[in-house]
Amino acid sequence: MDLPFSGDLIAALVFPGVLGIFGFLVVAIWLERKLVARVQWRYGPLYVSKPLGGLLQPVADLLKLVFSELVLPRHTNRLFFAAAPILLFFAEGLPVVFIAAAPGVVMAPHPYGLAIAVVLVLLVAVLVVAMAWTEADKFTYVGAVREILLTAAYEVPLLLAALAMFILYGTADPYGVVEAQSNLWGAVLNPLAFVAYLVALLMATTRFPFEIPEAEPEVVLGPYTEYGSTLFIYAFGANYVKLYVLALLGSVLFLGGWLPAGGLAGVFITLVKMLVFVLPAMLVRAIYPRYRIDQALRIGWGKLLALSVAAVALSLVWRLLR
Amino acid sequence: MIIHLKLFATAVKQLLQQPLTVRWPEERRDYGDRVRGFIVNDRSKCISCQLCEAVCPAKAIKFHLEADGRRYPGIDWGRCILCGYCVDACPTGSLQHVNNTEIVWTDLDVYKKPSEMDPDDAAPLPGTKSLI
Amino acid sequence: MQRTEWPFNLEVGNTFFVESEEELRGGRRGLTLVVGPQHPGSGHMRLFVVLDGDMIVDVVPDPGFVHRGIEKLAENRPYWTVLPLVEKASIMDSMNIMYPLVLALEKALGLEPPPRAKYLRTIMAELTRIRTHLYDMALLGIFLGHSTAFMWGFALMDLYAEVFAKITGTRTTIAYPVPGGVRRDVKPEHVEAIRRLLEVSRRKLKDFKTLFLDNPVTRARLEGVGTLDVKRVTELGVVGPFARASGVDYDVRKIHPYDAYSEVDFEVVTEKAGDAWARTWVRWREIHVSMSIVEQLLKNLPGGDVIDEALLFKNPEYRREGVGGVLGVYTYMYPEPGEYMAVTEATRGATLVHLWTTGTQRIYRMRFVTPSWRNLHAMVEAMKGHRLADMPAVYMSFGYFPPEADR
Amino acid sequence: MVAILIFVVVFLGALVALVVVTFLFAPRRPSEIKERRFESGGPPYGPVQRRLLMQYFGYIYLVTVVEAAVGLALVAVLTAQPSAPMLYLAIALLLAAVLIVVLRYFKVLNDIRRWS
C-alpha cells in the first residue's frame with residue numbers, strides 16, 4: 001500500500017473512523033438543510049459563514065447545544081439517562097470497524113466483515129428502545145414501540161438484500177466483495193437488491209417517508225423527547241451515523257467500493273459513491289410525508305419483502321448460470 | 001414507481017428556481033405606498049379635534065398637553081394595533097402612516113409614553129423586492 | 001392513580017377530566033396522551049387522547065386557551081371599534097370573519113355600499129379564502145410530515161399578503177371593509193397585481209399538487225380516514241367545506257347571496273366520500289373556484305365611489321383615497337334599535353353575527369358564531385376509532401383554528 | 001486490533017468528553033419544572049408504561065421466525081465454500097416457504113380487529 005502511514009490507523013481516526021463520523025454529521029445536516037431549502041424556494045442556512053454557503057451553521061448549532069444546560073429529569077435513572085445516548089451513538093458508529101473504505105483502510109479485516117457489519121446495524125434498535133424506556137415518558141414510550149415495529153418491518157428485507165449480494169459474490173469479505181465487482185457493479189448485476197437496500201436504508205435511518213418513531217405532530221420527538229444539550233446531539237445524530245454506516249456499506253456492497261482506484265484516491269471515490277445513498281436520503285425529506293406505522297409494516301412485509309426475495313432469486317439465478 | 005420518479009423530478013426541478021424568500025434586512029419587500037406603519041403627527045395641521053382618540057379601537061391614543069398650550073395625540077405603542085382608523089378619521093390629514101414597521105425599543109417606558117414618535121426613529125424603510 | 005398531581009378538580013361535573021383512564025373495554029388499561037398545549041401537533045388547545053394500543057378510543061378536547069371574550073368586549077365599546085377586534089379571531093381569514101359584522105352593522109345604520117365597494121369586498125373575501133385554504137393545506141402538510149407543502153403553502157400565502165399590503169396597507173389583518181363601503185379604493189396597478197398574483201399562484205399550485213396532493217403517501221394517509229357520512233355530518237352541525245366534503249350541498253354564498261355573489265357564476269364544490277381526503281380535495285377545488293370568482297369580478301369591476309354618500313355628509317371635501325378622512329363620521333351615527341343578523345360563508349364555514357342594538361353607540365349584545373367551533377365536535381368524533389397517527393391528519397383536515405373557535 | 005482499540009477509545013472518549021464539557025461549563029439553573037416529565041406543558045399525569053401497540057404484535061412474532069431462517073441462510077451461504085447447488089436450492093425453498101407463510105397470514109396481520 002502506498003499510504004503514508006498504516007491504513008488501519010487512518011481508518012480508525014480519519015475515514016471511516018472518528019473524524020469521518022463527526023464530519024459527516026456536520027456536512028449531512030448542512031447538506032440536508034440546504035438541499036431541502038432549495039426545493040422549498042428558500043435559501044437555507046446562510047447567516048453563519050456566508051461565503052461558505054452556511055456550512056458552519058451546523059457547527060454553530062452543535063456548539064450552542066454543547067454549552068446549553070444539561071437537564072437530567074428526576075423521575076429517571078440519571079446515570080442510564082445520560083449513558084443511553086452515548087452508547088447509542090457509539091453503537092451506531094461501531095459497524096465501520098469492519099467496512100473497508102479503500103484497500104488497507106480498514107480497522108479489522110475479517111472474512112465475514114460485511115455480514116458482521118449488517119448484523120451490528122440491526123442490533124442497534126435495541127439501544128433506541130432502551131433509551132426511550134429510560135426516559136419514561138408517554139411520548140418516548142410510543143416512539144420506542146414504533147421503533148421496534150419499524151425495525152420489524154425493515155430487518156428482513158435488509159438481511160435479504162445483503163444475502164442476495166453475498167450469494168452473488170460468494171463472500172462477505174470487503175476485499176473479496178469489491179474484487180468481485182471489478183467488471184460490473186453489484187447495483188447493475190442485481191438492481192432489485194439495490195432498490196430493496198435503498199428503501200430499507202430509509203426505514204433503518206427513519207428518513208421520510210418512514211420517519212415514524214419521531215413523528216412530530218403525534219409523539220413530539222419520539223424516543224428523543226426528553227433530551228437536551230449534548231445528549232440531544234447524540235440521540236438525534238445517531239440516525240445520521242447510521243446513514244453514514246449504511247451508505248458506506250452500500251457503496252462497498254453495490255457500487256464497487258473504491259474501484260477503479262486504490263490507496264488515498266480510493267477513499268475519495270468511496271466518499272463520492274456514498275453520495276448515491278446520502279443524496280436521495282436527504283431529498284426525501286422534501287418529497288414525502290410520513291406513512292402510518294401499519295402502512296410501513298405492510299410495505300415492509302409486502303412489496304419490500306417480495307422485492308428482496310426476488311433479489312435473492314435473481315442472485316441464485318446469476319450464481320447458477322456462472 | 002413512475003409516480004415516485006415524477007415526484008423526484010418535480011423536487012429536483014425546484015432546485016433551479018429562484019427562492020421566494022427575501023434576505024431581510026439586506027433586502028426588503030416592497031409593499032407599495034399604503035403601508036400602515038407607525039403613525040406620526042404633523043403638528044402644524046393638527047386641530048386637536050380628538051376624533052382619533054374617539055375612533056381608536058385599542059384605546060391607544062391619549063391626548064396630552066404640550067408646551068404651546070394645545071393638546072396633541074400621543075400613541076401608546078404597546079396598545080396600538082396599527083389598524084389605521086385614526087389616520088382615516090383625521091379630518092386634516094395630520095396623522096400619517098410612515099413606511100416603517102420595524103422599530104425596536106430597548107426600554108418598556110418608551111413604549112408606554114403617550115407622546116409622539118421621534119421622526120428620526122420612524123424614518124421610512126423603502127422596500128425594493130416585489131415578489132408579484 | 002396519582003390524582004393529587006392533577007391540577008383540576010377531578011370531581012365529576014366540575015371540569016375536564018379523563019374518567020376512563022383505567023377502564024377500557026374488557027378491563028384493559030389504556031394510555032392517556034395529553035396532546036397540547038405545548039405540543040407540536042396541537043395548536044392552542046389541548047386534547048386528551050385515550051389510546052388502546054395504537055387505536056384512539058376517546059378524545060376529549062379542551063379548548064379555550066386563546067379565549068379573548070370578543071362577544072363581551074364588543075358590549076363595552078362603540079360599534080366601529082368592534083370591527084378590528086372581530087377580525088383578530090381568525091387573522092388569516094380576516095376579511096371573511098368580519099364580513100357578517102359589517103353586513104349587520106350596515107343594516108343597523110341603514111347604509112348601502114355602492115356597487116364598486118361590494119365588488120371590492122367580495123374580491124378581498126375570495127382572496128382571503130384562497131389564502132386561508134393555502135394556510136390549512138400547508139398545516140395539513142406539516143402535520144403529515146410534508147415540510148415542502150408547508151413551506152410552499154406559506155410562500156404562496158406571502159404573495160397574497162403582499163397584494164393585501166399593497167391594497168389595504170397591511171399584510172394579514174386587513175380591516176378593509178367598514179359599514180357602508182371599503183376603506184381604500186384600488187388603483188389600476190392593484191388590479192394588475194391581483195391578476196398577476198392569480199397567474200403566479202396557478203403556476204405554482206401545479207407543482208404543489210404534483211408534490212403534495214398527487215403524492216401516493218399523502219393519499220394513503222388521508223383516504224378512508226375520519227369518515228363522516230351525510231347523516232352524521234348534519235347531526236353534528238358541521239359547516240363549510242367540511243360538510244360539503246360529505247355531500248351536503250350548502251353554501252351561504254349561493255343560498256343567501258350577499259354583496260356581489262349574486263352577480264358571479266360559480267359552482268358549489270361537493271364531494272361524496274366524507275373522509276380526510278375529500279375534505280382536503282374540496283378545499284383544493286374551492287381555491288380554483290375562488291380564483292375564477294375573482295377573475296369574473298375583476299372583469300366586471302364597476303366604477304364610482306367606494307363608500308356610501310351618507311358617510312360623506314359631514315365633510316365631503318376631506319376625502320382622500322377611499323374612506324380616508326371620513327371614518328370619524330361614525331361618531332355621529334347611531335344604529336337603529338333592534339336585532340340584526342348576518343350570515344356569511346367564511347373559509348371554514350358559515351359565520352353568524354347577531355346584534356342587539358338599543359339606539360346607543362354601544363352594542364347591547366353581540367353573538368358571534370364561528371365555524372371552527374362548530375366543527376370541533378365533528379373533528380373529535382372523526383378521530384375516534386382511528387390510529388394515533390391519524391389524529392393530526394384528521395385534525396388539520398378539519399382546518400381547526402383554535403383562536404377562531406375560542407373567540 | 002490496535003486500530004479497533006484506538007477507534008473505540010478515541011470515539012467513546014470524544015463522546016464522553018463533550019458531555020463532560022457540558023456538565024462543567026454549561027450554565028445550570030435547575031428547577032422542578034425542568035426536571036419533571038414532559039407532558040405537553042401540563043403536570044405529569046398517570047403512569048407511563050401501558051399496553052403495547054398490541055395490534056401489530058403479529059409482525060413481531062413473524063420477524064422472530066423469519067429472521068432466524070434468513071440468518072441461518074446467511075451463515076450457510078458464507079460458510080459453504082465453494083458454491084454448492086444444493087445449498088442454493090435449499091435457500092430458494094426456504095424463501096418460498098417464508099413467502100407462503102407471509103402471504104397466508106398477511107390478511108390476518110393487517111386486520112386490526114383480530115389483534116385488539
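Excluded from the calculations below are hydrogen atoms, water molecules and symmetry mates; all remaining heavy atoms, backbone and side chain alike, are included. Lettering follows sequence order; numbering is per chain, from 1. Here the structure is a predicted model, which means the values were calculated and not measured.
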A:K138 NZ to D:S40 OG distance, which is reported to the nearest 0.5 Å: 9.0 Å
Nearest non-hydrogen partners of D:A26 and A:S68, listed with the distance: CB-O, 3.3 Å
Side chain / backbone / both / neither for A:Y234 at chain D, heavy atoms under 4.5 Å: side chain
Closest-packed option against chain D by number of heavy-atom pairs under 4.5 Å, given A:L320, A:I21, A:T76: A:I21
Interchain contact, A:L316 with chain D, by part (heavy-atom threshold 4.5 Å): side chain
Segment of A:I167 engaging chain D (4.5 angstrom heavy-atom cut-off): both
Partner chain A: residue of D:L62, D:V2, D:I60 with the largest heavy-atom pair count (under 4.5 Å): D:L62
Min side-chain heavy-atom separation A:L160-D:L95 under 4.5 Å: yes
Main-chain N/O of D:R37 paired to A:E226 side chain as donor or acceptor, under 3.5 Å: no
Under 4.5 Å from any heavy atom of chain D - which part of A:A313: neither
Options A:L297, A:L159, A:V71, A:V97, ranked by heavy-atom pairs under 4.5 Å with chain D, top entry: A:L297
Chain D contact via A:L87 - side chain, backbone, both or neither, heavy atoms under 4.5 Å: neither
Chain D-proximal positions within residues 301-308 of chain A [heavy-atom distance under 4.5 Å]: A:W301, A:G302, A:L305
Partners passing side chain to side chain donor-acceptor pair (under 3.5 Å) against A:R74 (at least two apart in sequence or in another chain): D:E35
Top contributor to chain D interface from A:I233, A:T225, A:L70, A:L163 [non-hydrogen pairs under 4.5 Å]: A:L163
Region of A:V106 in contact with chain D, defined by heavy-atom distances below 4.5 Å: neither
A:Y291: partners by ring pair (Phe, Tyr, Trp, His ring centres under 6.0 Å), with sequence neighbours left out: A:F210
Show which side-chain atoms of residues 4-25 of chain D pair as donor or acceptor with protein atoms under 3.5 Å away, not counting sequence neighbours.
residue	atom	partner	partner atom	Å
D:T22	OG1	A:V66	O	2.9
D:T22	OG1	A:T230	OG1	2.2
D:T22	OG1	D:L18	O	2.9

Separation of D:Y59 OH from A:D294 CG (nearest 0.5 Å): 7.5 Å
Region of A:L231 that comes under 4.5 Å of a non-hydrogen atom in chain D: side chain
Contact class of A:I86 relative to chain D, heavy atoms under 4.5 angstrom: both
A:V118 versus chain D, the contacting section by heavy-atom distance below 4.5 Å: neither
